[in-house]
Asker: 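Okay, handing you the structure first.
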Amino acid sequence: QLQASGGGLVQPGGSLRLSCAASGNIFSVDIWGWYRQVSGKQRESVVGISSSGNANYADAVKGRFTISRDNAKKSVSLQMNSLKPEDTAVYYCLCVSGRNYWGQGTLVTVSN
């Protein structure tokens, strides 16, 4: 239902762009979100964006990450700039459309 892409290895200070697209029985999306999880820790919210475009960022990523959504394409993107080693995690997209749908996760590694 959700296909995420864009993870990879990047050096500190670099940028990556994650994308996630909905398909199948998902016809409209109320809320999009990105979460991340480090092995052994709980999944945490990175950012969410409402259908009206209001975004709510975690303090750790404010000013560095930008979420955007394309309602016509039923997709969301996360532009990540000035990446830090502590941003290393598996990133999951979330789509709220009647219920929660999760993407498969994409690994982001920030390292030299």
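What you see below is based on every heavy atom in this structure, not just the backbone, and it leaves out hydrogens, waters and symmetry mates.
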Asker: Give the intermediate values and the outcome of side chain to side chain contact (heavy atoms under 4.5 Å, CB included) for residues Lys74 and Ser23.
Answerer: CA-CA 8 Å; Lys74 294 186 297 182; Ser23 62; 5.7 Å; no
Asker: Please report the shortest heavy-atom distance between Ala89 and Val38, naming the atom on each side.
Answerer: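 Result for this residue pair: CB-CG2, 3.9 Å.
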Asker: For residues Ile26 and Leu2, determine if any side-chain heavy atom of one lies less than 4.5 Å from a side-chain heavy atom of the other.
Answerer: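 Yes, close enough: below the 4.5 Å cut-off.
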Asker: Please answer whether the main-chain N or O of Ala4 pairs with a side-chain N or O of Tyr92 as donor and acceptor at a distance below 3.5 Å.
Answerer: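 Flag not set: sc Tyr92 to bb Ala4 has no pair under 3.5 Å.
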Asker: Answer yes or no: is there a donor N or O on one side and an acceptor on the other, between the side chain of Thr88 and the main chain of Val110, under 3.5 Å?
Answerer: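 The answer is yes, because a donor-acceptor pair under 3.5 Å joins these two groups.
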Asker: State whether cysteine residues Cys93 and Cys20 meet the disulfide criterion of an SG-SG distance below 2.5 Å.
Answerer: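 In this structure, Cys93 and Cys20 share a disulfide.
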Asker: CG/Leu78 to OG1/Thr106 distance, rounded to the nearest 0.5 angstrom?
Answerer: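 It comes to 11.0 Å.
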Asker: Do Ser51 and Asp30 get their side chains close enough for a donor-acceptor pair, meaning under 3.5 Å?
Answerer: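 No pair is found: no donor N or O on one side chain lies under 3.5 Å from an acceptor on the other.
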Asker: Checking Trp34 against Val76 for the side chain to side chain contact (heavy atoms under 4.5 Å, CB included) test, could you report, in this order, the C-alpha distance in whole Å, the side-chain angles of both residues, the deciding distance, and whether it holds?
Answerer: CA-CA 9 Å; Trp34 287 96; Val76 67; 3.9 Å; yes
Asker: Looking only at the side chains, is there a donor atom on one of Ser111 and Thr109 sitting less than 3.5 Å from an acceptor on the other?
Answerer: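 Side-chain D/A pair, Ser111 to Thr109: absent.
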Asker: Closest approach of Gln79 and Ser15, non-hydrogen atoms and distance?
Answerer: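 Smallest heavy-atom distance, with atoms named: NE2-CB, 3.9 Å.
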Asker: For Ser77 and Arg17, run side chain to side chain contact (heavy atoms under 4.5 Å, CB included): C-alpha distance rounded to whole Å, both residues' side-chain angles, the deciding distance at 0.1 Å, then the answer.
Answerer: CA-CA 7 Å; Ser77 295; Arg17 186 176 182 86; 3.5 Å; yes
Asker: Using a 6.0 Å cut-off, check whether atom CD of Gln42 has over 12 heavy atoms from anything other than its own residue.
Answerer: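 It does not: Gln42 CD has 12 such atoms or fewer within range.
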Asker: Grab the two heavy atoms, one from Lys73 and one from Asp70, that are nearest each other, plus how far apart they are.
Answerer: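 Distance-wise, the nearest heavy atoms are N-OD1, 3.0 Å.
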Asker: Taking all atoms of both residues into account, what is the closest heavy-atom pair of Met80 and Leu18, and its distance?
Answerer: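 Nearest heavy atoms, Met80 then Leu18: CE-CG, 3.7 Å.
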Asker: State, to 0.1 Å, how close Ala55 and Ile67 come at their nearest heavy-atom pair, and which atoms those are.
Answerer: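 Shortest heavy-atom contact: CB-CG2, 3.8 Å.
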Asker: Verify side chain to side chain contact (heavy atoms under 4.5 Å, CB included) between Leu94 and Asn100, making sure each step is shown before the conclusion.
Answerer: CA-CA 7 Å; Leu94 166 70; Asn100 292 352; 3.7 Å; yes
Asker: Within the side chain of Arg36, is there an N or O that forms a donor-acceptor pair under 3.5 Å with the backbone of Val108?
Answerer: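 No; zero donor-acceptor contacts below 3.5 Å.
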Asker: Provide the closest heavy-atom pair for Phe65 versus Tyr57 in the form atom of the first, atom of the second, distance.
Answerer: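 Heavy atoms only, the tightest pair is O-CE2, 3.1 Å.
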Asker: Using a strict threshold of under 4.0 Å (side-chain N to carboxylate O), is an ion pair present between Asp87 and Lys84?
Answerer: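 Result for this pair is no, no salt bridge flagged.
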Asker: Side chains of Val47 and Trp32: closer than 4.5 Å at any heavy-atom pair?
Answerer: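 The answer is no; the side chains never approach within 4.5 Å.
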Asker: Can you confirm whether Asn112 sits close enough to Pro12 that some side-chain heavy atom of one is under 4.5 Å from a side-chain heavy atom of the other?
Answerer: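 Side chain of Asn112 against side chain of Pro12, heavy atoms only: contact under 4.5 Å found.
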Asker: Within this structure, what is the CD1-CD1 distance for the pair Ile49 and Ile31, rounded to the nearest 0.5 Å?
Answerer: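 Atom-to-atom, Ile49:CD1 and Ile31:CD1 are 10.5 Å apart.
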Asker: Between Val96 and Tyr91, is there a shared hydrophobic cluster once you connect ILVMFWY residues whose side-chain heavy atoms come closer than 4.5 Å?
Answerer: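 No.
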